[in-house]
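Working notes, structure below.
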Amino acid sequence: MHGSSKTMDNFQQLVPDSTVWLGIALAIVPLLAKYGGRFLAWLTTHHRWIVVIVFMMPLSLVVNTAFSLRNMFRLWWSQRTGQGSAQHQARVKKTQDAIIAWKNAGCQTKLTTSRPGWMTMSLRVGNYKSTSTKIPTMHLNNIVDINLEAMELWCEPMVTMGQVTHSLNPLGLTLPVLPELDDLTVGGLVCGVGVETSSHKYGLFTHTCTAFEIVTASGELKYCTATNENAELFRAIPWSHGTLGFLVGVKVKIIPAKPWVMVEYQPVHGKDEAIALCKAAFESDIDFVEALVYSTDKWVLMKGTMVDAPADPARVNAIGNHWKPWFFKHVEEYLDKGSGIEYIPLRDYYHRHTRSLFWEIQDIVTFGNQAWFRYLFGWAMPPNISIMKRLQTEELRKLYELHHVVQDMLVPVSALSESMSVMDRYFDIYPAWICPMRIFKEDAGFLHRTKDGEEMFVDVGIYGVPGCGSGRPGQTDYVASPSSRAVEDYVRKVEGFQMLYADMYQTREEFREMFDHTLLDKIRGSDEYARKAFPEVYDKVAKHART
């Protein structure tokens, strides 16, 4: 007892009493008030991993869990009460009423959605947001109905891919094209673009849509299908980026799914051989096809087939578990160990790149794939993209703009070899994502097949710091504008396309050469309210229009 008392006395001599702590706190408070903002800005810019781990990851987990529980309850309630359609109509009316109020006030401004720029998947925030009338759309985030007879999913534009897989996969169902990241929204995939490893069979996400509900700038609700009186509007909505009206509902095909995906990994050491194997796989009827490219001559081709059960339980890999290695790192191991087969749960496969945001998270949390971090903190990954954007400092934004590339270029498969050489020359970024996609003959909107009738394209995804491919991150001749423009010029020359969520440096004339505006111009030309309410697509996506 005496020893314990003496130890406590020694401890109290080392630790200041409460009055000292109070004095320290009182001294720190004015310092935090004066310098705290600058300190946090400095910390967020130069040591972002600290802010991500300490603040963004826990907050993201809370936000994502809350949204997930809310969405599950709403779907359950609408199905139980049978009032999903009526509730949807009431939510749509709220959007209509706001547009009609703008119209009655004299159409004094442009219109935009109420969704803040930092909540979108685009890297930039549109300047037009600050001067436009904001129309409420954030409440349109519900799955309205799962129609098992028509095999259609009816949902609102703010529904995410995470919601879709949580709702459909337990029923043994899925979407023909289900893009990768959890936070991608149906509205963004329709009015922008959505591609996935099944796109060689089904095309883009919009090719699987059967109907769109859109509220025009006059406040009219239009139901559009490929065969009704609004067929031209139906074809024009994809890639329109909200320049025709406000998307309020989407119907998408659903197909039967199996609970597992058998993935065959095929490493290839040689560019020509890899591309030949890729082309053959792209033309096959296999369920999923993609490739990751780790250097000019190091490719891993992956082919996936949905199956009822693993043929070999020893080859099961639940890649979605938080302690598992990041998927792109796991795939890289096959370059050394040779070909292999694994069985991955379906939902894990769909969101295989989510935890590491493809490979972008390695630039923020460089030790994130180490075993100790995955086991201790992997359950909180990934940080919510919107939260990261919301807390991005101006200095960090400029650093990303000047020294970081996020681009998806859609090129004809015949130009894949040359395209990879161009990407290597101007970006020198690896890994690169290779995902095939088909543009169908009947398309008559923003996209079109090549003049020679080629319909198979490849999404070449480039994400990272220029020079990382050759071990010289930030030490190459990369300059954002001229390097990006050189790649854009090449993609335009081979009759390819650029995804418009990223920085786009083309002139208006070059943009119109890349994308077919015929149908979009026709519809906007006949709708005076659309011209008053919305800018052209170019004025929403061009680099100068975003911050």
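This structure is a prediction, so every number in the text was calculated from the model and none was measured.
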- Task: Mind checking the CZ-OG1 spacing from Phe288 to Thr305? Nearest 0.5 Å is all I need.
- Result: 8.5 Å
- Going through the checks in order, is the ring-ring contact (aromatic ring centres under 6.0 Å, His included) test met by His353 and Phe327? CA-CA 6 Å; His353 293 298; Phe327 185 68; 5.3 Å; yes
- Query: Is the shortest heavy-atom distance from the side chain of His139 to the side chain of Thr95 under 4.5 Å?
  - Reply: yes
- Task: Of all the heavy-atom pairs spanning Cys278 and Leu301, show the shortest one and how long it is.
- Result: SG-CD1, 3.9 Å
- Got a donor-acceptor contact below 3.5 angstrom from the Arg352 side chain to the Tyr349 backbone? yes
- Task: Considering non-hydrogen atoms only, spot the tightest contact between Trp326 and Gly368 and give its length.
- Result: CZ2-C, 3.3 Å
- Measure the spacing between CG of Asp408 and OH of Tyr501 and express it to the nearest 0.5 Å. 3.5 Å
- Item | Close side-chain approach of Tyr202 and Ile255, heavy atoms under 4.5 Å | yes
- Message: Between Glu152 and Asn147, do the side chains contain a donor N or O and an acceptor N or O under 3.5 Å apart?
- Response: no
- Parallel under 30°, tilted from 30 to 60°, perpendicular over 60°: which one fits the rings of Trp359 and Tyr463? tilted
- Can you see which heavy atom on Tyr334 is nearest to which on Pro267, and at what distance? O-CG, 3.2 Å
- Side-chain heavy atoms of Leu410 within contact of Ile439, under 4.5 Å: no
- Task: Any chance you could measure Ile434, atom CD1, to Ile275, atom CD1, to the nearest 0.5 Å?
- Result: 8.0 Å
- Should the pair Phe446 and Trp239 be assigned to parallel (<30°), tilted (30 to 60°) or perpendicular (>60°) ring geometry? tilted
- Give the minimum heavy-atom separation between Arg355 and Pro382, together with the two atoms involved. O-CB, 3.5 Å
- Message: With a 4.0 Å cut-off on N to O distance, would you call Asp182 and Arg347 a salt bridge?
- Response: yes
- Query: Between Arg438 and Glu283, does at least one N-O distance fall below 4.0 Å, as a salt bridge requires?
  - Reply: yes
- Query: Under a 4.5 Å cut-off applied to non-hydrogen side-chain atoms, are Pro179 and Leu189 in contact?
  - Reply: yes
- Is the number of heavy atoms from other residues, nucleotides or ligands under 6.0 Å of Lys134 NZ greater than 12? yes
- Should we say atom NZ of Lys298 is surrounded by more than 12 heavy atoms from elsewhere, each under 6.0 Å from it? no
- Item | side chain to side chain contact (heavy atoms under 4.5 Å, CB included) assessment of Ile341 paired with Asp312 | CA-CA 10 Å; Ile341 291 176; Asp312 181 359; over 6 Å; no
- Evaluate ring-ring contact (aromatic ring centres under 6.0 Å, His included) for Trp433 paired with Phe328, printing each intermediate quantity in order. CA-CA 10 Å; Trp433 189 48; Phe328 78 97; over 10 Å; no
- Specify the closest pair of heavy atoms between His269 and Leu335, including all atoms of both residues, with the distance to one decimal. NE2-O, 3.2 Å
- Output for pair (Gln407 CD, Met499 CE), nearest 0.5 Å, gives 10.5 Å
- Item | CA sep, side-chain torsions, deciding dist, call: Lys279, Met456, side chain to side chain contact (heavy atoms under 4.5 Å, CB included) | CA-CA 9 Å; Lys279 288 180 178 179; Met456 185 64 74; over 6 Å; no
- Paired with Phe205, the side chain to side chain contact (heavy atoms under 4.5 Å, CB included) test is passed by just one of Leu178, Val186, Leu184, Val195, namely Val186
- Message: To the closest 0.5 Å, what do you measure between CE (Met262) and NZ (Lys303)?
- Response: 9.5 Å
- Is the Phe457-Phe497 ring centre distance short of 6.0 angstrom? yes
- State which residue, out of Thr174, Thr197, Thr165, fulfils the side-chain hydrogen bond (donor to acceptor under 3.5 Å, both in side chains) condition with Tyr350. Thr174
- Message: Is any side-chain heavy atom of Val331 closer than 4.5 Å to one of Tyr294?
- Response: yes
- Task: Over all heavy atoms of both residues, which pair between Gly249 and Pro157 is shortest? Give the atoms and the distance, please.
- Result: N-CD, 4.1 Å
- Does the distance from a Lys or Arg side-chain N to an Asp or Glu carboxylate O, for Glu264 and Arg315, drop under 4.0 Å? no
- Message: I'd like to know if the side chain of Glu180 reaches the main chain of Thr354, judged simply by a donor and an acceptor atom lying under 3.5 Å from each other, with no hydrogens or angles considered.
- Response: yes
- Message: Nearest 0.5 angstrom please: Phe427 CZ to Tyr478 OH, how far?
- Response: 6.0 Å
